[in-house]
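One structure is given here, and the rest of the page talks about it.
Every chain is numbered from 1, with letters handed out A, B, ... down the list of sequences. Quantities reported herein were computed from a predicted structural model and do not represent experimental measurements.
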There are 2 protein chains.
Amino acid sequence: MESQDIDRTLGLLWRRTLGTPQGSRGPKQRATIDEVVRAAIAVADEEGLPAFSMRKVADRLGLKLMSIYTYVPGRSELIGLMVDEVAGEQKLPPHEGPLRQRMTRVAEQLWDEFHRHPWLLQVENSRPWIGPNVSDRYEWQLAAIEGAGFTDLQMDQVVTLLSGFTAGMARASVDARRTAERSGISDAEWWEINAPVLERVMPADAYPISGRVGRVAGEEYNAIDDPERTFRFGLDRLLDGLEQFVNG
Amino acid sequence: MESQDIDRTLGLLWRRTLGTPQGSRGPKQRATIDEVVRAAIAVADEEGLPAFSMRKVADRLGLKLMSIYTYVPGRSELIGLMVDEVAGEQKLPPHEGPLRQRMTRVAEQLWDEFHRHPWLLQVENSRPWIGPNVSDRYEWQLAAIEGAGFTDLQMDQVVTLLSGFTAGMARASVDARRTAERSGISDAEWWEINAPVLERVMPADAYPISGRVGRVAGEEYNAIDDPERTFRFGLDRLLDGLEQFVNG
DNA sequence: TCCTAACTCCGTATGCCTTACGGAAATGGT
DNA sequence: ACCATTTCCGTAAGGCATACGGAGTTAGGA
């Protein structure tokens with residue numbers, strides 16, 4: 001990545017703060033950066049990040065492929081803009097109520113976002129872009145636990161914790177949903193093909209606990225798992241632990 | 001995916017149980033499936049999953065690209081074999097000690113595995129393959145909490161919980177490590193370019209808590225974060241919550 | 001012994017992808 | 001009126017997975 005690309009991308013991220021800095025010599029652009037970013041988000045929402053391509057973004061805007069590169073430096077920078085854009089979709093209402101309720105809202109907000117935009121879970125996060133919406137949200141997340149009894153260091157850890165936990169559980173949830181909606185071979189067919197091989201190869205007494213637990217889980221949940229309930233269960237345990245830490 | 005591919009891949013996954021079923025008409029294969037899988041793991045370890053390609057696996061074995069397809073049906077099936085293979089690297093020692101220690105080991109084992117093979121965090125997990133090592137490990141994970149007071153349903157939830165939590169935190173950790181090792185622009189250069197823009201755009205009073213917390217975290221950890229400590233802190237809170245749930 | 005079915009290895013081709021480069025045309029400042 | 005600047009985009013290079021078919025190798029059966 002070139003340093004001028006970094007500069008340019010930062011300018012795009014903070015475009016609403018900085019205003020549009022261009023000298024306006026040449027032809028007018030037929031689209032706007034916001035339209036490009038929104039089109040890109042739409043493509044990723046519909047098809048996921050692996051199938052997300054510059055060409056599909058261009059098609060959606062009635063532009064040809066290479067024109068997209070006059071709006072953004074490249075694919076990965078565009079993804080950075082998409083991440084900050086969707087981080088701005090949620091409201092960040094003033095915090096109220098007890099600590100537990102505040103932390104719950106922080107986690108729930110991320111849970112919702114991951115389900116609205118499952119491709120967020122596939123974004124490579126080394127060297128994350130620092131954009132306005134991501135920054136605002138981090139401030140809001142910290143504000144949720146400000147004054148609760150954590151040190152500054154612990155505040156950062158708690159936010160990282162709630163985010164990482166929620167991301168991990170959302171990944172399981174989103175994967176399960178994708179499996180259910182998967183085109184091609186259906187779930188039933190899948191098991192029809194798997195079952196005979198697995199029965200031959202996994203004698204029941206080799207997996208006594210898995211067998212029992214899997215049977216119960218399969219009856220209780222209609223399919224494989226109920227990720228939302230697992231998220232709630234885990235979040236409650238994690239919050240119990242955090243409350244205990246603050247109070248004790 | 002064709003149903004015959006599913007059958008074939010299951011056969012490959014359970015190859016040690018099933019034996020090699022081939023009629024042996026044609027020429028002998030120059031490599032073995034195990035060599036292919038091990039070469040593939042080596043490529044992914046060194047370059048990550050996006051840069052992992054069938055050609056690189058072939059090169060490493062002295063074969064030409066298309067020969068790989070006589071060993072495995074395709075790229076995604078090969079990745080399935082890799083996942084099960086690395087799941088077999090860890091020992092699954094008999095459980096001992098109190099519940100907390102057992103759960104800690106379950107989480108630590110995954111934490112280590114994610115750091116030994118960071119590409120595991122990039123694997124698409126819808127419709128996971130059911131292989132022998134993954135199955136054995138699930139049984140072992142359940143055994144860790146058997147008899148601790150959870151219902152069967154809760155046992156599955158707790159294992160999912162520990163796995164998901166650990167995956168979420170490991171992702172942050174691995175991303176941070178990748179950033180540190182990143183070639184191209186160094187961390188220092190990165191911030192040198194970011195700083196002037198961000199200072200102009202993020203006045204200190206707009207982000208009072210982030211500013212304070214970020215400063216403290218930046219001093220305490222030398223760079224951005226210390227993911228291992230955050231993982232430990234979070235795991236302790238989660239285990240506190242789970243113990244409280246079991247005991248009360 | 002020898003034929004032939006089955007199998008391995010791999011060259012070629014198709015159709016994706018990102019992105020570098022350069023040309024044509026449009027536009028606004030001077 | 002000119003021309004620097006900018007947009008749009010065609011082309012091409014170099015990457016990817018994988019379908020298809022051909023050539024050569026091997027073992028089993030006649």
Next item on the list: Using a 4.0 Å cut-off on protein heavy atoms (strictly under), produce a 5'-to-3' string for nucleotides 20-29 of chain C with B for base contact, S for backbone-only sugar-phosphate contact, and - for none.
Entry: BB----BBBS

Checklist line | Residue of the set A/His115, A/Glu228, A/Arg178 for which side chain to side chain donor-acceptor pair (under 3.5 Å) holds with A/Ser173 | finding: A/His115

Margin query: Using a heavy-atom cut-off of 4.0 Å across all strands, would you classify B/Ser53 as base, sugar-phosphate, or nothing?
Written below: sugar-phosphate

Notebook entry, point to check: Taking all atoms of both residues into account, what is the closest heavy-atom pair of A/Ile68 and A/Ala58, and its distance?
Noted result: CG1-CB, 3.6 Å

Check: Got a sec, which pairs hit salt bridge (Lys or Arg N to Asp or Glu O under 4.0 Å) with one end in residues 39-55 of chain A, sequence neighbours left out?
Finding: A/Glu46-A/Arg60, A/Glu47-A/Lys56

Margin query: Among C/dG11, C/dC9, D/dT18, which nucleotide has an atom closest to any side-chain atom of B/Leu65?
Written below: D/dT18

Check: Can a side chain N or O of A/Arg30 be found less than 4.0 Å away from OP1 or OP2 on D/dC9?
Finding: yes

Check: Does D/dC9 have OP1 or OP2 sitting under 4.0 Å from an N or O in the side chain of A/Ser67?
Finding: yes

Integer-rounded Å distance: [N] [atom2] and [X] [atom1]:
{"X": "B/Arg75", "N": "D/dT18", "atom1": "CZ", "atom2": "C1'", "answer": "12 Å"}
{"X": "A/Ile68", "N": "C/dT19", "atom1": "CD1", "atom2": "C1'", "answer": "13 Å"}
{"X": "A/Arg55", "N": "D/dG15", "atom1": "CZ", "atom2": "P", "answer": "19 Å"}

Note to self: Between B/Glu85 and B/Arg16, does any NZ, NE, NH1 or NH2 come within less than 4.0 Å of an OD or OE carboxylate oxygen?
What the structure shows: yes

Notebook entry, point to check: With a 4.0 Å cut-off, would you call A/Arg75 and A/Glu124 a salt bridge?
Noted result: no

Notebook entry, point to check: Is a side-chain donor or acceptor of A/Gln122 paired with a backbone partner of A/Leu49 at a separation under 3.5 angstrom?
Noted result: yes

Checklist line | Comparing A/Gly74 and B/Leu63 on DNA chain C - which has the more 5′ nearest nucleotide | finding: B/Leu63

